[in-house]
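A note on names: the letters A, B, ... follow the listed sequences, proteins ahead of strands, and every chain is numbered from 1.
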Amino acid sequence: MANIKELSKNPERVTGGHRLCAGCGAGIVARQTLLAAGNTPVVVTSATGCLEVSTTIFPYTAWKSSFFHSAFENSAATCSGIEAAYRSLKKQGKVTEDIRFIAFGGDGGTYDIGIQSLSGAMERGHKILYVCYNNEAYMNTGIQRSGATPRGAHTTTAPSGKVHQGKEQNRKDLTEIMAAHGIPYAAQAYVGNWNDYVTKVQKALAANGPSFINVLTPCRLGWAYKPEDTMTLNRLAVETCIWPSYEVENGIYKINVKPKEKKPITEFLKPQGRFKHLFKPENAPILEQIQKEVDAKWELLQKKVEIFSKA
Amino acid sequence: MIKTVYPKGRLVAKTGNEVMAEAMRQIEPDVVAAYPITPATEIVQIFSQFVADGIVKSEYVAVESEHSAMSATIAASAAGARAMTGTSSQGLSLMWEMLYIASGLRLPIVMAEVNRAISAPINIHGDQSDTMGARDAGWIQIYSENSQEAYDNMIQATKIAEKAKLPVLVTTDGFIISHCMEVVETYPDEDVKNFIGEYKPDRYLLDTKRPYTLGSIDLQDYYFEHRWQLAQAMRDAKDIVLEVAKDFENTFGRKYDLYEKFMMDDAEIAVVVIGSTAGTAKVVIKELREKGIKAGLIKIRVFRPFPAETIVKDLANVKAIAVMDRSDSCSGTYAPVYSDVVSALYAAGITGPKAINYVYGLGGREINTEHIAAIYDKLGKIASGAEKAFTGIEYVNVRF
């Protein structure tokens, strides 16, 4: 468990003055990730997206550690190239410090266009942490559906209209796909709980091999809610079990945050503009279907914990 | 026939791919990231064996695609490593997006490239459509006539890239050079290492004492300046290529230039060509010269930056020129090398020579001495006024 007193002494390596929206989850993710790394030197890579464009407007930068962006789909391949250079230069004695490598990507750059490069990097065993700041759509280009967009959400390329009611497919389960790579550490986290997230980052950075964290990161524009509700909304995602907080550490499943009482999914959906259309009486079957799918996945996760709880 | 020109040189029999891998072993880059592709596969395959046997200290990253190969090479270079890769054809095409990023970020990457046709239809044999397709990517492009040149070019490319702060690709013609065994003079490891020197980047990501941000978003207020700087770096690279060639000649005894002139001093008819076909053309020229025909050849070695200013001087007094392209732009007009040669002539105010465009050898289609002799024959007739110069593209040895 992370200790807030110790954390408060850690250097701030993502500065204020970046140009992310008020209430944006991505800035919180970036800041907490580097806070969790403490004083360990890190090199950060990022996919093209909000986090990158808002923090690196030339000639300014919000990053106090080395930061590298090259393209949209290759944050993992990029990070693995840096890590390979590190191994080579360290072997030759040209670099002496212990450095960690962190790759960021949004859900578009991770679930969709970047999944090949991510899967390749994980399979090759590069010692990197990949953080998917998952806001469930292509927010940087104007809220287009991604493989992470949940059923029923309105996006600009899966809009709700007279015939269709937002995205008609369920989202891809990327956390499980990553866990299936057999990497030492894969986890699902959320912005609304610093302790849960920071602990996961620290575990991931300590892992002897590749690690992956899928962190639910609200986008106030894309989700259409009030900026001050970021944390509350995120907690509701976990309390409704729409986004369980869990980890797979060396094959062992653990649910990290168990809701005292499982709330109905409508509590998470209702405050968000992107689900507004689902609350028309004729769309009640969609809400029922979402609830059913969430229940089934929650059941399955608990079973996995039962089966894979010991080494 | 290749002869030793360096006192400590050694003659060996090697294919183009083997000799490029040999150059890579001697250069010993810190990181090589690659994905297999015919006919370039052997280069990185041989290199990965060097890594497996502990002969080199390099890290070999066997990535899952050429896109990731170039991404990882770019990242390794940005991190402060001497980084290389190898590819061909579809592989280079998949790297397209990243090629521009490598040059835009001014990273001195070296790529061993084996020229091969581009799909569709799929074809694994040699033509230059792949690298011609990448001609605007801000990469220095050096073409080799044979394995000796491929080897020498790889060694020079390392130094050129680091001085010019530009990525460099060195090519051989697929199968014609890549898979054919030739006699090559190689130089001792130590002398190659001394020639290229140690790589000391000004700024690199792993320098934790001086962290920096690379790959920022560059809006209306800076992007244009950065692209101008890239274009200027390419213009400046001509002198760097020549400077490195001079060093190379002083060290190893082999002379290189931006392009090679063969029997051009008094030439009345000339062919401009790139790559292995230059060797075939030289045979034809020798035969023609015995008959008293004043035939010459210009073999372009460095296609990017294009040596426009000097090439026009050598072509100014020729009566008829054939520019032979081993790729086609499908532009509705002319192929890439022809377009560059003719625009250079026009810009220099030289309108005397008739310049004709030949496209040949696509997908590995044979080009032999008879084909080239026929081109010179045609040039002779055009030069004497017996025949009119044609204005379209002449396709060599193709069935319509």
Side-chain angles (χ1 to χ4, degrees), chain A residues 13 19 40-46 48 52-92 94-99 101 103 113-114 116-121 123-124 126, chain B residues 28-33 35 51 56-65 67-83 85 97-98 100-102 104-105 107 198-201 203-219 221-223 225-226:
Chain A
R13 288 189 281 185
R19 308 194 199 176
T40 310
V42 295
V43 177
V44 175
T45 69
S46 176
T48 310
E52 169 261 329
V53 299
S54 304
T55 56
T56 70
I57 302 174
F58 189 87
Y60 306 105
T61 181
W63 300 88
K64 285 190 168 177
S65 297
S66 278
F67 175 94
F68 185 46
H69 155 260
S70 80
F72 186 18
E73 66 280 56
N74 65 356
S75 188
T78 300
C79 207
S80 60
I82 295 172
E83 190 257 4
Y86 168 70
R87 271 186 284 135
S88 176
L89 297 179
K90 195 146 195 203
K91 205 161 56 187
Q92 299 172 54
K94 290 179 181 171
V95 170
T96 49
E97 283 160 305
D98 199 18
I99 307 175
F101 304 94
I113 196 169
Q116 175 186 305
S117 118
L118 172 60
S119 175
E123 180 268 329
R124 291 191 301 273
H126 295 278
Chain B
E28 208 178 351
D30 302 307
V31 175
V32 171
Y35 189 75
V51 176
V56 288
K57 62 179 187 301
S58 321
E59 282 290 324
Y60 182 77
V61 191
V63 283
E64 83 301 330
S65 73
H67 193 284
S68 286
M70 188 43 67
S71 299
T73 307
I74 286 170
S77 180
R82 200 172 241 161
T85 187
E97 177 192 31
M98 302 313 300
Y100 282 73
I101 292 172
L105 296 175
L107 299 169
E198 204 185 327
Y199 177 47
K200 285 183 185 141
R203 203 90 202 252
Y204 56 103
L205 296 169
L206 292 176
D207 184 359
T208 52
K209 288 187 183 65
R210 291 194 306 156
Y212 81 126
T213 293
L214 183 65
S216 307
I217 186 161
D218 215 13
L219 301 173
D221 44 0
Y222 287 101
Y223 179 85
E225 281 71 24
H226 288 146

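With a threshold of 4.5 angstrom between heavy atoms, A:E123 does not approach chain B through any atom at all. At a 4.5 Å heavy-atom cutoff, the contact between B:L219 and chain A is made by side-chain atoms alone. Residue B:M70 does not touch chain A at all, counting heavy-atom pairs closer than 4.5 Å. Contact of B:A33 with chain A is not made at all, since no heavy-atom distance falls under 4.5 Å. For B:A62, the part lying near chain A is the backbone, with the side chain staying farther off; criterion is any non-hydrogen pair under 4.5 Å. Contacts of A:V43 with chain B are made by side-chain atoms alone, with heavy-atom separations under 4.5 Å and no backbone atom involved. Looking at A:I82, the atoms closer than 4.5 Å to chain B (heavy atoms on both sides) sit in the backbone and in the side chain alike. Heavy atoms of B:S58 lying under 4.5 Å from chain A belong exclusively to its backbone. Both the backbone and the side chain of B:L206 come within contact range of chain A, each with at least one heavy atom under 4.5 Å from a heavy atom of that chain. Both the backbone and the side chain of A:I57 come within less than 4.5 Å of a heavy atom of chain B.
Heavy atoms only, all atoms of each residue included: B:D30 and A:K94 are closest at OD1-NZ, 4.3 Å. When all heavy atoms of A:S70 and B:I101 are compared, the pair lying nearest together is O-CD1, 2.9 Å. Across all non-hydrogen atoms, the minimal contact from B:P211 to A:S65 is CB-C, 3.7 Å. Contact between A:H69 and B:G215 at its shortest, heavy atoms only, is ND1-O, 2.8 Å. When every heavy atom of B:E59 is checked against every heavy atom of A:R87, the shortest pair comes out as OE1-NH1, 2.7 Å.
Contact tally against chain B (heavy-atom pairs below 4.5 Å) for A:S46, A:A62, A:A84, A:A121: the top residue is A:A84. For the set B:D221, B:I74, B:T208, the count of heavy-atom pairs under 4.5 angstrom toward chain A peaks at B:T208. Your options are A:S66, A:A85, A:S54, A:P41, and the one with the most heavy-atom pairs under 4.5 Å with chain B is A:S66. The greatest number of non-hydrogen atom pairs below 4.5 Å with chain A, out of B:L205, B:V31, B:D218, is found for B:L205. Your options are A:S117, A:G81, A:P59, and the one with the most heavy-atom pairs under 4.5 Å with chain B is A:G81.
Side-chain contact check for A:S119 and B:E64: no donor-acceptor pair (N or O, by modelled atom type) lies under 3.5 Å.
With contacts defined as side-chain heavy-atom distances shorter than 4.5 Å, the pair B:M98/A:N74 qualifies. Within the 4.5 Å cutoff, the side chain of A:H126 has heavy atoms near those of the B:V61 side chain.
Using modelled atom types, no side-chain atom of B:K57 and backbone atom of A:K91 make a donor-acceptor pair closer than 3.5 Å. When atom types are taken as modelled, the side chain of B:S216 and the backbone of A:F58 share no donor-acceptor pair closer than 3.5 angstrom.
Separating the CD atom in A:Q116 from the NE2 atom in B:H67 is a distance of 9.0 Å, to the nearest 0.5 Å. The distance from atom CZ of A:R124 to atom OG of B:S68, rounded to the nearest 0.5 Å, is 6.5 Å. Atom CG of B:L214 is separated from atom OG1 of A:T45 by 12.0 Å, given to the nearest 0.5 angstrom.
Each of A:W63, A:F68, A:Y60 was scored for a side chain to side chain contact (heavy atoms under 4.5 Å, CB included) with B:T213, with one residue passing: A:W63.
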